[in-house]
Q: 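I have a structure I would like to understand better, so I am pasting it below and will then ask my questions one at a time.
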Amino acid sequence: MATLNQLERVTETIWELPRSFKAGMRVPARIYGTEKIIRAMDETVYDQISNVACLPGITQYAFCMPDGHFGYGFPIGGVAAMDVDNDGVISPGGIGFDINCGMRLIKTHLSYKEVKPHLKTLVDRLFKQIPAGVGSSGLLKVSRSEFRQVCQQGARWCVQQGLGWEEDLERTEEGGVIGGAEPAKISERAIDRGLNQLGTLGSGNHYLEIQVVHPENIYDPTLARFFGLDLPEQVVIMFHCGSRGFGHQVATDYLQRFLKVMTSKYGLEIRDRELACAPFHSPEGQDYFAAMKCALNMSFANRQVILHRVREVFAEVLGRSTEDLGMHMIYDVAHNTAKLEPHQVNGKQRTLLVHRKGATRAFGPGRSELPEIYRQVGQPVIIGGSMETGSYLLIGTPDGAQTFFSTAHGSGRTMSRRKARKQWQGEALLSQLEERGIYIRSVSKRGVAEEAGGAYKDIDEVVTATDLAGLSKPVVRFIPIGNIKG
DNA sequence: ATGTCC
């Protein structure tokens, strides 16, 4: 097992495991973090990220973001760009079981003062309208053929059904729908699991929060104004969820299929079964890519239905129209995905399959993939913190090129769920937080204990690390006042 | 993360 002194410090925030660290590494591995973060980091990350560095086609480095920690095969926080024209592979473990787990941020014209008297009603209504917890079913019922349309049309399907605004799509990564999704490549079992899951939150670290912008937490006033986050004590809504059991089943199906052919058919030797992969251009690789895109689209649709519920609840409780409430989306960004992107490598343009697992895309200004409204300033990045400590809106930078424009996605756990359950009591934590002005509704007290702020890294330190490294710049920090969770 | 083991 590696120790801190096996890392070579490249800069204040970049720590490298050279190829000599482990036999078979095709590229060095780079972990991002302040010294404090690196010292506290679980050393299993070194082992996992150096395994990733052994995968065929990996380009330049295997990266781990400052919020990185142990995951299935790849660490959470892992970034790996595979050159698909040079034997690059696609690996479900580099994307995550929760395909297109991501963040969505919505602003309002409301102040904390206006919301405070209605906070409990708002949270209670949201908790009812947006089902949370393992195995929860949504209020929206769709047929199997409609679900297949969702797989192909993503959030656009929702907007066509009246579940959102046209502008929501522009403010969603990929316009809320990624091309190339093929429902024929997903199992009936996956459809069974996904059918009733549109508009549901899930469990674990999935949540929806009402948050406030305090003036002292505006780090870039010009950009804050640009995003329309310059009203006094302004209220926003942020949520974190993914493709639920549907994406989980897609990942499970293809992990099994890859394991069958990986060695026998493609001769791929990997260091860990959890790194199961297939050549991107193989039939299996292409099938998974097309199936994964169904889950990407289902997840964009899931978050779109949730946004619609949020608007309905706010309009109902406050007795005002959503337009009047200014409930415009700022952005929706995935942090569990793999996407084909053009990147400069040693002065040449290459097509890379960028795996981001618990890592957020963070394009700098000018990228053609960005919607017109954001192309000049760069991509909004949403980093969600724990229910106690707050979350961030950041912006992508030109320096992000060093990680193929990737940054952190959250705080990152510092301890297991089991350990957190021993240290905190859900019931007691709920009352403590209510005294501090944070009202929480959860389906399980156990879940509350597991998500205690103390079980997570210091999000300010994570954001500082991305800022110092040049991966993303903080714009605004949000403080939670209400939270619903699984 | 996940119908937390078909």
Side-chain angles (χ1 to χ4, degrees), chain A residues 42 44 48 65 67-78 91-104 130-138 141 144 147 186-208 239-257 274-276 291-292 294-296 298-300 302-303 306 334-338 355-360 384 386-387 409-413 415-421 426 442-451 455-456 484-486:
Chain A
D42 178 359
T44 56
Q48 290 196 314
M65 297 296 112
D67 51 337
H69 57 101
F70 181 81
Y72 181 92
F74 281 56
I76 315 287
S91 176
I95 294 162
F97 275 89
D98 190 9
I99 296 164
N100 193 1
C101 186
M103 305 292 307
R104 189 172 281 217
I130 304 164
V134 179
S136 56
S137 295
K141 302 295 177 205
R144 294 182 90 83
F147 190 82
I186 56 180
S187 65
E188 291 303 311
R189 182 187 280 189
I191 295 180
D192 286 337
R193 291 183 67 173
L195 209 49
N196 295 318
Q197 294 187 317
L198 289 166
T200 64
L201 203 48
S203 69
N205 63 2
H206 288 166
Y207 63 84
L208 181 146
F239 58 90
H240 175 217
C241 65
S243 51
R244 310 280 287 102
F246 176 65
H248 191 278
Q249 191 61 47
V250 171
T252 304
D253 291 341
Y254 279 90
L255 276 166
Q256 284 177 4
R257 190 165 161 207
E274 294 184 358
L275 292 175
M292 183 200 69
C294 293
L296 286 175
M298 184 277 186
S299 191
F300 285 135
N302 187 26
R303 292 198 287 272
I306 290 175
H335 53 228
N336 276 14
T337 185
H355 294 68
R356 297 188 180 91
K357 187 219 195 145
T360 312
S386 79
M387 62 188 177
H409 83 306
S411 288
R413 295 195 74 86
M415 67 177 76
S416 67
R417 293 183 173 275
R418 173 196 287 269
K419 197 173 167 191
R421 284 201 298 275
S442 173
V443 296
S444 101
K445 299 284 187 290
R446 189 176 101 166
V448 174
E450 289 175 355
E451 292 297 314
Y456 281 88
I484 68 170
K485 62 203 292 79

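Chain naming here is simple, since letters A, B, ... match the order of the sequence lines and numbering starts at 1 in each.
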Q: If you look at every strand shown and take non-hydrogen atoms under 4.0 Å, does A:E450 touch a base, only sugar-phosphate, or nothing?
A: nothing
Q: For the residue pair A:M65 and A:H409, establish whether any side-chain heavy-atom pair is separated by less than 4.5 Å.
A: no
Q: Mind calculating the distance between CG (A:N336) and C1' (B:dT2) to the nearest angstrom?
A: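 To the nearest whole Å, that distance equals 13 Å.
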Q: Could you check whether A:G245 gets within reach of a base, just the sugar-phosphate, or nothing at all, counting any heavy atom under 4.0 Å?
A: sugar-phosphate
Q: Specify the residue among A:V134 and A:H206 whose closest nucleotide of DNA chain B lies further upstream toward the 5′ end.
A: A:H206
Q: Do the side chains of A:L255 and A:Y72 get nearer than 4.5 Å, heavy atoms only?
A: yes
Q: Whole angstrom is fine here: how far is it from NE2 in A:H248 over to P in B:dT4?
A: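 After rounding, the gap between these two atoms is 9 Å.
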Q: Can you tell me the distance, in whole Å, between the CD1 atom of A:I95 and the P atom of B:dT2?
A: 17 Å
Q: Round to a whole Å and report the spacing from CZ of A:R244 to P of B:dT4.
A: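 Atom-to-atom, A:R244 to B:dT4, this comes out as 12 Å.
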Q: For a quick check of understanding: with a heavy-atom distance under 4.0 Å over all strands, which category does A:G202 fall into, base, sugar-phosphate or nothing?
A: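 A:G202: backbone/sugar contact only, no base atoms under 4.0 Å.
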Q: Ignoring hydrogens and geometry beyond distance, is a side-chain donor-acceptor pair present between A:R303 and A:S299 at under 3.5 Å?
A: yes
Q: Whole angstrom is fine here: how far is it from CG in A:N100 over to C1' in B:dT2?
A: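 Those two atoms, CG and C1', are 16 Å apart.
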Q: Rounded to whole angstroms, how far apart are CZ on A:R189 and C1' on B:dC6?
A: 6 Å
Q: Can you tell me the distance, in whole Å, between the CG atom of A:D98 and the C1' atom of B:dT4?
A: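 Spelled out: CG on A:D98 to C1' on B:dT4 is 14 Å.
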Q: So does A:S203 get a side-chain nitrogen or oxygen closer than 4.0 Å to the phosphate oxygens (OP1/OP2) of B:dT2?
A: yes
Q: I need the CG-P distance between A:D253 and B:dC6, as an integer number of Å.
A: 12 Å
Q: Less than 4.5 Å apart, any side-chain heavy atom of A:C101 and any of A:H206?
A: yes
